[in-house]
Amino acid sequence: MAKASGATNNYSTLSSSLAVGLDEPDRNLALELVRVTEAAAIAGGHWVGFGDKNKADGAAVDAMRSFLSTVHFNGVVVIGEGEKDEAPMLFNGERVGDGSGPEVDVAVDPIDGTRLTALGINNALAVLAVAERGSMFDPSAVFYMEKLVTGPEAADMVDLRLPVKQNLHLIAKAKGVKVNQLNVMILDRDRHRPLVEEIRAAGARTKFIMDGDVAGAIAAAREGTGVDALMGIGGTPEGIVAACAIKTLGGVIQGRLWPTSDEEKQKALDAGHDLDRVLSTNDLVTSDNCYFAATGITDGDLLQGVRYKKDKVYTQSIVMRSKSGTVRFVDAEHHASKWEGYARQV
């Protein structure tokens, strides 16, 4: 049985229809999606700490693909595991769902943080986002972007084009705190050394993460996490996925494409991208009716990881719907033998 807390609306008042002109019964797509992320987390969770990120990712991909086939929508993967010739499942362009219901874009990350999972480090998640068909940004094979994420208080004040110090002072002012009370989350990468120096010179603190900037972005946008902003260069797909969550939370994500080679830069230009353009939350996901679901694989700032106790498996998930502004936390208890039997049938 799943125990949900933090709901802002009654389950019965929410429709799973994505408002694409279909007369759908009253269903909650969000709770269908959380079954998918739970399955991926449980499958990947068996490999936590075993040092093999490929086996962890493979198990999570298999589970997510199987459970997605039961969801009542006609989905196309637009943010997936890779192009068709590189990934056997959940590749970009693959159709998922049971083929009926609303037509949607689907963004998947069976494990956001495969290295974290393999090493047993915090903040690995199984993640899934869904929005109306054609509403998710197409990065045209530019895999990285410069990012700035913060919560609702400063959402209308920050600008990625401003100096780091100025943005931090704006965030502090909006939150009613001193700059030296701000915590800025940043991926631990050599490329971020100059940025780290700027943050510290401005008087703010840094909080490093090894991987998993979807969790980092949500932490930066959500109250009570101890994170005030996320800055730095991270994955473009992860930015689009995070935008679906931020649509509900009311913060902001801003991004600027960051090609890593001349070839990648040329592909972006050929696709019509302006590499100086700052993309906002609404540019990354244009729909105002999108869903986000994530289940913890390892413990983290956002969620508890998968826990095993005798014949039980415990998961914790977060589910969001932007149209209603609903955020739910779902604590679930699974009977391991029954879950494995069901997983083999789908």
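Remember, predicted model here, so these are calculated numbers, not experimental data.
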> Can you find a pair of side-chain heavy atoms, one from Leu257 and one from Lys265, that are under 4.5 Å apart?
Replying inline: no
> Which pair of heavy atoms, one from Val278 and one from Asp283, lies closest together, and at what distance?
Replying inline: O-OD2, 4.0 Å
> Applying the 4.5 Å side-chain criterion to the ILVMFWY set and letting contacts propagate, would Leu230 and Val177 be lumped into a single cluster?
Replying inline: no
>> Please give me the minimum heavy-atom distance between Ala294 and Leu125, naming the atom from each residue.
In response: CB-CD1, 4.3 Å
>> Any non-hydrogen side-chain atom of Lys147 less than 4.5 Å from a side-chain atom of Asp213?
In response: yes
> Do the side chains of Phe292 and Val241 get nearer than 4.5 Å, heavy atoms only?
Replying inline: yes
> Counting only heavy atoms not in Asp156, do more than 12 fall under 6.0 Å of its CG?
Replying inline: no
> What is the distance from atom OG1 of Thr150 to atom CG of Leu182, rounded to the nearest 0.5 Å?
Replying inline: 8.0 Å
>> In this structure, would Val106 and Leu29 fall into the same cluster of hydrophobic residues linked by side-chain contacts under 4.5 Å?
In response: yes
> Looking only at heavy atoms, what is the nearest atom pair of Cys290 and Val285, with distance?
Replying inline: SG-CG1, 4.3 Å
> In the single-linkage hydrophobic clustering (I, L, V, M, F, W, Y; side-chain heavy atoms under 4.5 Å), do Val142 and Leu284 co-cluster?
Replying inline: yes
>> Tell me if a side-chain donor or acceptor on Arg328 pairs with a main-chain N or O of Leu31 at a distance below 3.5 Å.
In response: no
>> Below 30° counts as parallel, above 60° as perpendicular, anything between as tilted: where do the rings of Phe137 and His273 land?
In response: tilted
> Does a donor on one side chain sit under 3.5 Å from an acceptor on the other, for Asn180 and Arg205?
Replying inline: no
>> Nearest 0.5 Å, please: how far is OG1 in Thr295 from CD in Gln316?
In response: 9.5 Å
>> Could you work out, with side chain to side chain donor-acceptor pair (under 3.5 Å) as the rule, every residue matching Asp270, not counting sequence neighbours?
In response: Gln266
> Has the side chain of Thr117 got a donor or acceptor atom that lies under 3.5 Å from a matching backbone atom of Gly113?
Replying inline: yes
> Heavy atoms, side chains only, cut-off 4.5 Å: are Val319 and Leu33 in contact?
Replying inline: no
> For the hydrophobic clusters of this structure (ILVMFWY residues joined by side-chain heavy atoms under 4.5 Å, transitively), does one cluster hold both Ile233 and Leu148?
Replying inline: no
> Would you say the side chain of Leu279 lies within less than 4.5 Å of the side chain of Arg277, judging by non-hydrogen atoms?
Replying inline: yes
> What is the distance from atom CG of Leu68 to atom CG of Leu90, rounded to the nearest 0.5 Å?
Replying inline: 6.5 Å
> Is there a side-chain contact between Asp331 and Tyr314 (heavy atoms, below 4.5 Å)?
Replying inline: no
>> For Val104 and Asn74: C-alpha separation, side-chain torsions, deciding distance, then whether side-chain contact (heavy atoms from CB on, under 4.5 Å) applies.
In response: CA-CA 6 Å; Val104 297; Asn74 183 355; over 6 Å; no
>> Please report the interatomic distance CE(Met320) to OG1(Thr248), rounded to the nearest 0.5 Å.
In response: 6.5 Å
> Considering the options Leu187, Val196, Val184, which one meets the side chain to side chain contact (heavy atoms under 4.5 Å, CB included) requirement together with Phe208?
Replying inline: Val196
> Any donor and acceptor pair, going by atom type alone, linking the side chain of Asn92 with main-chain N or O of Gly80 inside 3.5 Å?
Replying inline: yes
> Rounded to the nearest 0.5 Å, how far apart are CD of Glu263 and NZ of Lys267?
Replying inline: 5.0 Å
> Got Val76 and Glu94 here, is their nearest side-chain heavy-atom distance under 4.5 Å?
Replying inline: no
> Of all heavy-atom pairs between Ala155 and Gly251, which one has the smallest distance, and what is that distance?
Replying inline: CB-C, 4.0 Å
> Do Glu38 and His334 come close enough that some side-chain heavy atom pair is under 4.5 Å?
Replying inline: yes
> Counting N and O atoms only, with roles assigned by atom type, does the side chain of Glu132 sit under 3.5 Å from a partner on the main chain of Ser287, one being a donor and the other an acceptor?
Replying inline: no
>> Under the salt bridge (charged side-chain N to carboxylate O under 4.0 Å, His left out) definition, can you give me all pairs with a residue in residues 236-262, not counting sequence neighbours?
In response: Glu146-Arg256, Lys247-Asp288
> Can you tell me how far NZ of Lys165 sits from CG of Leu170, rounded to the nearest 0.5 angstrom?
Replying inline: 12.5 Å
> So, for Asn122 and Thr298, which heavy atoms are closest and what is the spacing to 0.1 Å?
Replying inline: C-OG1, 3.4 Å
>> Using modelled atom types and a 3.5 Å cut-off, is there a donor and acceptor pairing between side-chain atoms of Asp105 and backbone atoms of Ala131?
In response: no
>> Please check this pair: side chain of Tyr308 against backbone of His46, looking for a donor-acceptor N/O pair closer than 3.5 Å.
In response: yes
> Given the rule in the salt bridge (Lys or Arg N to Asp or Glu O under 4.0 Å) test, do Arg65 and Asp62 qualify, once you have shown the distances and angles that lead to the verdict?
Replying inline: CA-CA 5 Å; Arg65 182 64 180 83; Asp62 287 345; over 6 Å; no
>> Looking at Arg191, I want to see if its CZ is surrounded by more than 12 non-hydrogen atoms of other residues, nucleotides or ligands under 6.0 Å.
In response: yes
> What closest approach, in Å, do Gly235 and Tyr144 show between heavy atoms, and which atom pair accounts for it?
Replying inline: N-CD2, 4.1 Å
> Side-chain heavy atoms under 4.5 angstrom apart, residues restricted to Ile, Leu, Val, Met, Phe, Trp, Tyr: same cluster for Met89 and Val77?
Replying inline: yes
